[in-house]
Amino acid sequence: IHYIGSGLVFFAVASHLTQNAVTGGTGLIPRRLRDLGEAIGELFEYAGIFGPEGAVFHLSLPKALRQPIAEILKSFGLAPPKRLGKFLPAEKVMSYTPWAIIVTVMVVTGLVKAARYLYPIPPTFVATMTVLHDLFTAIVVIMLLIHVVALTVVPRNWPLLVSMFTTRISRKHVAQWQPDWMKDLEKAERESAPRAELEMAP
């Protein structure tokens, strides 16, 4: 069962890397320090510091209390982005990057543990790899729980929870909450329309 699961993980990693290599998709990779500030800002937004829209169950602090705190956070660059693109800053910094590290460690340590059946590897080294493998297995469970909780307690994120199973998200949600992504989609549609008309022309 473990090796079947490992095979599925290998397939998922290979599929993800191949897709992004072919499409040039690197949008989930943090590229600037500002991503970190906006990701931390999103966490404060969940706490209701920046209003009810992105807060847990729409519960925000009283305006008289949250406004001064929000201004202080903004002065340090710790604020959610005003306009969201396809990927949220918290998604880049606190989800994708940790998952990339976790999966890499799991794969490398797992390969070492499997290779001991084919090659002579010092037992102490294998034991170290086993400890790391088990430790990161526990981290996987914790990360998964955090990931699901972050999606379920914030109503604005509920469509994203559905998209985990359907791989799709409504155009209405994108237009309302991720306008920069909507702008990119509309631009791509305008650019592809003339090509489609040329292909259909006799």
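The structure displayed is predicted, hence computed values, not measured ones.
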Looking at I29, is its backbone amide N or carbonyl O close enough to the side chain of T26 to form a donor-acceptor pair, meaning the two atoms are under 3.5 Å apart? no
Applying a strict under-4.5 Å side-chain criterion to I, L, V, M, F, W and Y, I'd like to know whether W177 and W181 cluster together. no
Count the heavy atoms of every other residue, nucleotide or ligand shown that sit under 6.0 Å from CD1 of I4, and state whether that count exceeds 12. no
Check for a donor-acceptor pair, side chain of S95 on one end and backbone N or O of K92 on the other, with a separation under 3.5 Å. no
Taking S75 for the side chain and I72 for the main chain, is one N or O donor matched with an acceptor at less than 3.5 Å? yes
Closest non-hydrogen atom pair, M143 against P98: CE-CB, 3.9 Å
If you measure from the Lys or Arg side-chain nitrogens to the Asp or Glu carboxylate oxygens, is any gap between R156 and E45 under 4.0 Å? yes
So do M164 and L151 actually touch side chain to side chain, heavy atoms under 4.5 Å? yes
Flag if over 12 foreign heavy atoms under 6.0 Å of CD, E53: no
How about H16 and Y96: are their ring centroids closer than 6.0 Å? yes
A55 to G51 - nearest heavy-atom pair and separation: CB-O, 3.6 Å
For the hydrophobic clusters of this structure (ILVMFWY residues joined by side-chain heavy atoms under 4.5 Å, transitively), does one cluster hold both F76 and F50? yes
Whether R66 side chain and L61 backbone form a donor-acceptor pair below 3.5 Å: yes
Listed partners of K113 passing side chain to side chain donor-acceptor pair (under 3.5 Å), at least two apart: T130
Could you pull out the closest heavy-atom pair between T152 and F57, with the gap in Å? O-CE2, 4.1 Å
Start with the C-alpha gap between R171 and E189, add the side-chain angles, then the distance that decides, and say whether salt bridge (Lys or Arg N to Asp or Glu O under 4.0 Å) holds. CA-CA 13 Å; R171 195 179 184 95; E189 288 171 354; 3.0 Å; yes
Check S60 against G48 and note the closest heavy-atom contact, atom names and distance. CB-O, 3.5 Å
Could you tell me which non-hydrogen atom of L144 sits nearest to which non-hydrogen atom of W99, and how far apart they are? N-CZ2, 3.9 Å
For atom CG of L33, decide whether the heavy atoms of other residues, nucleotides or ligands shown that lie under 6.0 angstrom number more than 12. no
In terms of side-chain geometry, is the basic nitrogen of R32 or D35 positioned less than 4.0 Å from the acidic oxygen of its partner? yes
If only atom types and distance count, is the side chain of T128 paired as donor or acceptor with the main-chain N or O of T124 below 3.5 Å? yes
From CD1 (I102) to CZ (F136), nearest 0.5 Å: 7.0 Å
Do S163 side-chain atoms and L160 backbone N/O form a donor-acceptor pair below 3.5 Å? yes
Going from CD1 on I49 to CG on L43, what distance comes out if it is rounded to the nearest 0.5 angstrom? 11.5 Å
T109 (side chain) donor-acceptor with M106 (main chain) under 3.5 angstrom: yes
Tightest non-hydrogen contact, residues A150 and N157, listed as O-ND2, 3.4 Å
Where the side chain of E91 meets the backbone of L88, is there a donor-acceptor pair that is under 3.5 Å apart? yes
Taking T137 for its side chain and H133 for its backbone only, find out whether a donor-acceptor pair lies under 3.5 Å. yes
Which atom pairs, one a donor and one an acceptor, fall under 3.5 Å between side chains of residues 77-85 and the rest of the protein, sequence neighbours left out?
{"residue": "R83", "atom": "NE", "partner": "D180", "partner atom": "OD1", "Å": "2.8"}
{"residue": "R83", "atom": "NH2", "partner": "D180", "partner atom": "OD1", "Å": "3.1"}

